[in-house]
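Before any comments, here is the structure.
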Amino acid sequence: MASSVPSLNFTFPPLTSSTTNSTRISVRCGPRSNRGPLLKGRILSIEAIQAIQALKRTQRMDPTQIQPHISKTLNRLIKADLIAAFKELLRQDLCELALKVFPAVQLECDVPDLGLYADMILALTRTGLDENIDELIDDLEKVGEIRCDDKELVRLVRALVEGEQVESTVRVYELMKKSGWGTTYGIDEYVAKVLRRGFKRFGKEQMADEVDQQLQRSSQLILGKH
């Protein structure tokens with residue numbers, strides 16, 4: 001059954017964020033249950049902790065107030081705290097809350113942060129909410145292009161392939177080509193291999209061959225320059 005999470009429509013460039021410094025402490029939020037460990041070196045500021053607790057409390061007491069609460073609370077966080085709070089929600093598998101926070105996170109970025117998209121997709125796949133992944137790809141397509149020279153592109157493609165997201169993988173591949181992958185930007189060999197293997201797994205032999213041909217052409221051009 002589809003989730004009731006609202007459409008994730010947002011535009012770039014980002015909103016202005018606060019630049020005040022915050023005291024930071026190491027923390028683990030809530031009971032451990034079966035969630036993953038806090039990453040080494042990961043810290044949450046007091047403001048980020050309070051924002052997470054407030055969001056969880058609002059979700060529990062009155063879910064209709066989540067969006068107003070996000071606008072009121074998260075806009076006061078600096079970018080690093082906002083991203084840390086978002087990742088902590090994912091770590092706790094609170095994906096529906098994270099989905100509602102995600103637009104505010106992306107508004108803090110000059111261009112789509114593909115690494116954060118990958119984090120969101122991995123969490124949605126892990127928690128069985130992968131029906132929401134199409135909406136994330138919708139928003140990438142509305143932006144019109146992505147950074148094909150960004151190493152986070154590898155994480156995005158891997159997240160889609162490992163999550164068996166056939167249609168979304170194809171859509172991202174088409175967006176990569178539209179954004180200059182193989183023309184304006186060089187072809188990263190690892191991205192190409194992940195795509196090729198993914199398309200073969202999905203039965204998309206023609207697309208796998210296309211990626212292979214693009215990689216070969218790119219390699220020949222590089223060799224020709226030396």
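None of these values were measured; they are calculated from a predicted model.
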In terms of side-chain heavy atoms, does [X] have a donor or acceptor partner in [Y] at a distance below 3.5 Å?
{"X": "D212", "Y": "Q216", "value": "yes"}
{"X": "E152", "Y": "Y117", "value": "no"}
{"X": "T127", "Y": "D93", "value": "no"}
{"X": "K177", "Y": "Q214", "value": "no"}
{"X": "E88", "Y": "Q92", "value": "yes"}

Hydrophobic cluster membership, M207 vs L175, 4.5 Å side-chain cutoff: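 Same hydrophobic cluster.
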
Determine yes or no for a side-chain-to-main-chain donor-acceptor pair under 3.5 angstrom, with [X] supplying the side chain and [Y] the backbone.
{"X": "T73", "Y": "I70", "answer": "no"}
{"X": "Q106", "Y": "D113", "answer": "yes"}
{"X": "R76", "Y": "K72", "answer": "yes"}
{"X": "D209", "Y": "Q206", "answer": "no"}
{"X": "T125", "Y": "G163", "answer": "no"}
{"X": "R201", "Y": "V161", "answer": "yes"}

Presence of salt bridge, D119 and R155, under 4.0 angstrom: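 Salt bridge: yes.
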
Salt bridge D138-R171, side-chain N to carboxylate O under 4.0 Å: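 Looking at D138 and R171, the cut-off is met.
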
Plane angle bin for F86 and F102 - parallel if under 30°, tilted between 30 and 60°, otherwise perpendicular: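 Tilted: the ring planes of F102 and F86 meet at 30° to 60°.
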
Intermediate values then yes/no, salt bridge (Lys or Arg N to Asp or Glu O under 4.0 Å), E189 and K193: CA-CA 6 Å; E189 184 175 355; K193 287 182 177 180; 3.2 Å; yes

Separation between CD of Q53 and OG1 of T58, rounded to the nearest 0.5 Å: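 Between Q53 CD and T58 OG1, I get 11.5 Å after rounding to 0.5 Å.
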
